[in-house]
Student: 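Got a structure for you, questions after.
FYI, side chains are in, hydrogens and waters are out, and symmetry mates aren't considered; it's all heavy atoms of this structure. Naming convention: chains lettered A, B, ... in sequence-line order (proteins, then strands); numbering from 1 in each chain.
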Amino acid sequence: MNSSTYRNIYAAVSRIPRGQVATYGQIALLAGLPGRARQVGYALSALNDPSVPWHRVINAKGEISPRSGGSEADELQRLRLEDEGIRFDSHGRIPLHLYRWRPQEAFLDTVSV
DNA sequence: GAGATGACCCCAA
DNA sequence: CTTGGGGCCATCT
């Protein structure tokens, strides 16, 4: 893998507007890695940069992906999302039809570089 | 190299 | 709704 790959992923995540969320697959697409959603999850687990809003990345079911290690990150992620105005339904899921980020010009921006 | 693991996704039954 | 199968790929044993 190239370090540019990671930078692309982090850059894509950083473009998610406040109060909205994106799925791993979405980020993979934006980073130029179609079908490599898993790689996005891996990149995020290795992430240690506070300037990247990793909490805005959730799985395709609209849920917060459960971590393996100490599950404190899950709580933090939920708190930060709620702080941005995102409401969870009674199933603990996020209504993607309301909060899903729909990138438009950002797509071309990322890919043609 | 082989196997197992992991913050994933999609489809069919 | 749940199961099971397939695909993706970095990292560690």
Side-chain angles (χ1 to χ4, degrees):
Chain A
M1 67 57 99
N2 297 326
S3 57
S4 62
T5 301
Y6 273 56
R7 276 192 290 111
N8 271 329
I9 293 176
Y10 300 148
V13 174
S14 299
R15 281 184 197 103
I16 305 175
R18 192 197 150 98
Q20 296 190 35
V21 297
T23 65
Y24 291 90
Q26 238 183 309
I27 296 302
L29 221 53
L30 288 171
L33 304 169
R36 268 150 245 187
R38 198 162 206 178
Q39 214 41 45
V40 174
Y42 195 88
L44 286 173
S45 68
L47 174 63
N48 196 19
D49 187 340
S51 67
V52 178
W54 54 269
H55 56 275
R56 294 183 192 141
V57 183
I58 60 179
N59 62 29
K61 305 184 205 72
E63 302 175 321
I64 293 177
S65 295
R67 254 55 116 233
S68 39
S71 41
E72 5 180 313
D74 308 27
E75 304 270 322
L76 176 61
Q77 180 167 13
R78 168 151 187 170
L79 290 178
R80 286 175 99 171
L81 289 176
E82 289 183 327
D83 188 53
E84 295 186 356
I86 295 178
R87 301 303 191 80
F88 289 72
D89 62 19
S90 42
H91 300 281
R93 284 155 68 237
I94 297 175
L96 286 176
H97 66 94
L98 291 181
Y99 301 108
R100 180 187 242 255
W101 176 43
R102 289 171 176 75
Q104 299 172 19
E105 75 287 74
F107 179 80
L108 297 176
D109 200 353
T110 305
V111 173
S112 35
V113 171

Student: Would you measure the distance from the C1' atom in C:dT3 across to the matching atom in B:dA7 and give it in whole Å?
Tutor: 23 Å
Student: Whole-Å distance between B:dC9 P and A:Glu63 CD?
Tutor: 10 Å
Student: Could you state the NZ-P distance from A:Lys61 to B:dC11, rounded to the nearest angstrom?
Tutor: 14 Å
Student: Of all the choices, B:dC8, B:dA7, C:dT11, which nucleotide is nearest to the side chain of A:Tyr6 once you look at every atom?
Tutor: C:dT11
Student: Taking the side chain of A:Ala60 as its heavy atoms from C-beta onward, which of C:dA10, B:dA7, B:dC10 lies nearest to it?
Tutor: B:dC10
Student: If I take atom CZ in residue A:Arg38 and atom C1' in nucleotide C:dA10, what distance separates them, rounded to the nearest angstrom?
Tutor: 10 Å
Student: Does B:dG6 have its OP1 or OP2 closer than 4.0 Å to a side-chain nitrogen or oxygen of A:Ser45?
Tutor: no
Student: Once you round it to whole Å, what is the distance between P of B:dC10 and CD of A:Gln26?
Tutor: 10 Å
Student: To the nearest Å, give me how far apart CZ (A:Arg67) and P (B:dT5) are.
Tutor: 20 Å
Student: Just how far, in rounded Å, is C1' of C:dC1 from CZ of A:Arg93?
Tutor: 11 Å
Student: Do the side chains of A:Ile64 and A:Leu44 join up, straight or via other hydrophobic residues, at under 4.5 Å, putting them in one cluster?
Tutor: no
Student: Without decimals, in angstroms, what is the distance between A:Ile9 CD1 and B:dA7 C1'?
Tutor: 12 Å
Student: Can you identify which nucleotide, out of C:dC8, B:dA7, B:dC9, has its nearest atom closest to the A:Arg36 side chain?
Tutor: C:dC8
Student: If each of A:Tyr42 and A:Asn59 is mapped to the nucleotide of DNA chain B with the nearest heavy atom, which maps nearer the 5' terminus, i.e. the 5' end?
Tutor: A:Tyr42
Student: Looking at residues at least two apart in the chain, or sitting in another chain, which of them share a side chain to side chain donor-acceptor pair (under 3.5 Å) with A:Gln77?
Tutor: A:Arg67
Student: Once you round it to whole Å, what is the distance between P of C:dC9 and OH of A:Tyr24?
Tutor: 19 Å
Student: Please answer: with hydrophobic residues joined when any side-chain heavy atoms are less than 4.5 Å apart, are A:Tyr24 and A:Leu30 in the same cluster?
Tutor: yes
Student: Thinking salt bridges, do A:Arg80 and A:Glu84 make one under a 4.0 Å N-O criterion?
Tutor: no
Student: To the closest 0.5 Å, what do you measure between CH2 (A:Trp101) and CG (A:Leu96)?
Tutor: 14.5 Å
